[in-house]
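I have placed the structure first, in the form of structure tokens, so that the comments after it can refer back to it.
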Amino acid sequence: MNWELLIDLHKSNDRQGPGSEEQTKMAITLSGLSCASEILQVADIGCGTGASTLVLAENLNANITAVDLFPEFLSVLTANAEKQGLADKIRTLACSMDDLPFEEGSLDAIWAEGAVYNMGFKKSVTYFKRFLKPGGILAASEITWLTQSRPDEIRSYWDNEYPEIATAADKIRVLEEQGFILKGYFPLPVSCWIDNYYDPLRSGFDAFLAKHDTEEAKEVIDAETNEITLYEKYRNYYSYGFYIARKS
């Protein structure tokens, strides 16, 4: 996988995956974090260019560590935080999400929108748990089947792309097995995929190919186009599910 091409394709967009400000705010409400009087310690894992980070900073009394593997994304986040007057609440950290430097039991919340697939859901939940205080919040959006049965084409695609795709009941069971208490769950609406992610992404395809006139760049766009086409065809069968849970 050519990370440089993928970074260049995605870094100019507000989002590197499905989501919205409204859905982040809904998850914040379900988490109960906005009611805290003390300054919270929050990590936003796999934050990309910081769409969720900025919402967290606007709505929480918190010090937020925005973590992403790619410094290019974090540079965009830093610039946007300065423009919005939120830079004093956010620090950035370029590192892998499976090698976090936080002390055990030091965080009030871990936020991870559209990122845990990089490690897998169960592995991420198990790993993140150690960094949370007792009663700490884990909020993550994760690719989720909306139905018990689905057409072979889309089942085969996601079984290949991400074998841990499962129903919400299966994901909630993992959380409960790891000692979390569910506080809320909801699937992301279609607008989070089409309006906020796919439409802005494909609007840049022509410029990307003009800049990178290579077969590898064309393969990147072909893969993105195929993903979009499949979602438009099968969007009734899967989405990102947003899971909000408290460490017991």
Side-chain angles (χ1 to χ4, degrees), residues 1 15-32 45-46 48 51-52 97-98 109-129 132 137-199 201-202 222-248:
M1 184 178 296
R15 292 186 172 275
Q16 288 69 54
S20 74
E21 179 177 347
E22 292 75 20
Q23 307 305 309
T24 302
K25 287 181 178 179
M26 186 184 301
I28 290 172
T29 298
L30 290 169
S31 74
I45 309 298
S52 58
M97 64 188 294
D98 62 0
I110 290 179
W111 213 265
E113 293 195 28
V116 295
Y117 70 88
N118 290 293
M119 288 177 63
F121 189 75
K122 183 174 182 178
K123 185 177 179 180
S124 297
V125 170
T126 304
Y127 180 57
F128 292 162
K129 178 184 176 181
L132 289 171
I137 294 294
L138 174 61
S141 62
E142 159 80 338
I143 194 73
T144 299
W145 290 125
L146 301 178
T147 61
Q148 285 293 339
S149 61
R150 67 282 310 189
D152 287 343
E153 183 181 26
I154 195 60
R155 178 188 53 77
S156 296
Y157 174 81
W158 279 113
D159 282 350
N160 180 66
E161 290 294 315
Y162 184 55
E164 275 199 61
I165 186 172
T167 64
D170 293 323
K171 302 291 183 183
I172 292 167
R173 186 176 302 112
V174 170
L175 288 166
E176 292 173 342
E177 288 172 350
Q178 293 303 316
F180 284 89
I181 299 168
L182 187 73
K183 290 181 67 69
Y185 160 79
F186 57 90
L188 298 188
V190 171
S191 60
C192 288
W193 292 77
I194 300 297
D195 299 340
N196 297 350
Y197 177 47
Y198 284 147
D199 281 351
L201 182 64
R202 59 184 159 193
D222 286 345
E224 298 282 3
T225 300
N226 182 53
E227 179 184 316
I228 294 170
T229 299
L230 287 171
Y231 178 74
E232 290 176 332
K233 184 176 181 181
Y234 295 115
R235 63 191 185 186
N236 290 329
Y237 295 94
Y238 66 98
S239 185
Y240 271 95
F242 217 133
Y243 302 84
I244 304 94
R246 177 172 60 85
K247 179 180 175 180
S248 60

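By convention here, the first residue in the shown sequence is residue 1.
- Across K122 and E164, no two heavy atoms sit closer than the pair N-OE1, 3.3 Å.
- By the 4.5 Å heavy-atom criterion applied to side chains, W111 and I28 are counted as neighbours.
- Contact check for Q23 versus P18: no side-chain heavy atoms found under the 4.5 Å cut-off.
- A salt bridge links E153 with K233: the closest approach of a Lys/Arg side-chain nitrogen to an acidic carboxylate oxygen falls below 4.0 angstrom.
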- Derivation and outcome, side-chain contact (heavy atoms from CB on, under 4.5 Å), residues L132 and F180: CA-CA 11 Å; L132 289 171; F180 284 89; 3.8 Å; yes
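- A distance of 8.5 Å separates CG in L188 from OG1 in T24, rounded to the nearest 0.5 Å.
- Proximity of L30 to F242: side-chain heavy atoms (C-beta onward) are nowhere separated by under 4.5 Å.
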- Message: Between Y231 and V190, does the side-chain contact (heavy atoms from CB on, under 4.5 Å) criterion hold? Intermediate values first, please.
- Response: CA-CA 9 Å; Y231 178 74; V190 171; 3.6 Å; yes
- Would you sort out whether E227 and Y198 count as a side chain to side chain donor-acceptor pair (under 3.5 Å), showing the intermediate values? CA-CA 9 Å; E227 179 184 316; Y198 284 147; 2.7 Å; yes
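- Note that CD1 of I172 is 13.5 Å distant from CD1 of I181, once rounded to the nearest 0.5 Å.
- Remark: the backbone N or O of R155 is not paired with any side-chain donor or acceptor of Y238 at under 3.5 angstrom.
- Looking only at side-chain heavy atoms (C-beta outward), W145 and I154 come within less than 4.5 Å of each other.
- Counting heavy atoms from C-beta outward, I137 and I244 have side chains that approach closer than 4.5 Å.
- Here NZ of K183 is found 13.5 Å from CG of L175. Values are rounded to the nearest 0.5 Å.
- To the nearest 0.5 Å, atoms CD (Q148) and OH (Y237) are separated by 13.5 Å.
- R235 CZ: 12 or fewer foreign heavy atoms inside a 6.0 Å radius.
- Taking both residues in full, the closest heavy atoms of M97 and V116 are given as CE-CA, 4.0 Å, listed atom of the first, atom of the second, then distance.
- The backbone N or O of C192 lies less than 3.5 Å from no partner atom in the side chain of S20, so there is not a single donor-acceptor pair.
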- Item | Chi angles and distances behind the side-chain contact (heavy atoms from CB on, under 4.5 Å) call for Y243, E142 | CA-CA 8 Å; Y243 302 84; E142 159 80 338; 4.1 Å; yes
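- Atom CG of L201 is separated from atom CG of N196 by 12.5 Å, given to the nearest 0.5 angstrom.
- Between E113 and S52, the shortest heavy-atom distance links the atoms OE2-CB, 3.4 Å.
- Donor-acceptor pairing under 3.5 Å is recorded for the side chains of D170 and T167.
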- How far apart are the C-alpha atoms of I143 and E161, what are their side-chain angles, what is the distance that settles it, and do they pass the side-chain contact (heavy atoms from CB on, under 4.5 Å) test? CA-CA 11 Å; I143 194 73; E161 290 294 315; over 6 Å; no
- Are E21 and K25 close enough, and set up right, to give a salt bridge (charged side-chain N to carboxylate O under 4.0 Å, His left out), and what steps lead you there? CA-CA 6 Å; E21 179 177 347; K25 287 181 178 179; 3.0 Å; yes
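- Separation of atoms OG1 (T144) and NZ (K171) is listed at 6.0 Å; rounding is to 0.5 Å.
- Residues W193 and S239 share a closest heavy-atom pair of NE1-OG, 3.0 Å.
- A donor-acceptor pair is defined here as one N or O able to donate and one able to accept, closer than 3.5 Å; such a pair exists between the side chain of K129 and the backbone of Q178.
- Taking every heavy atom of both residues into account, Y185 and G241 meet most closely at CE1-CA, 3.6 Å.
- Nearest heavy atoms, Y197 versus E224: OH-OE1, 4.4 Å.
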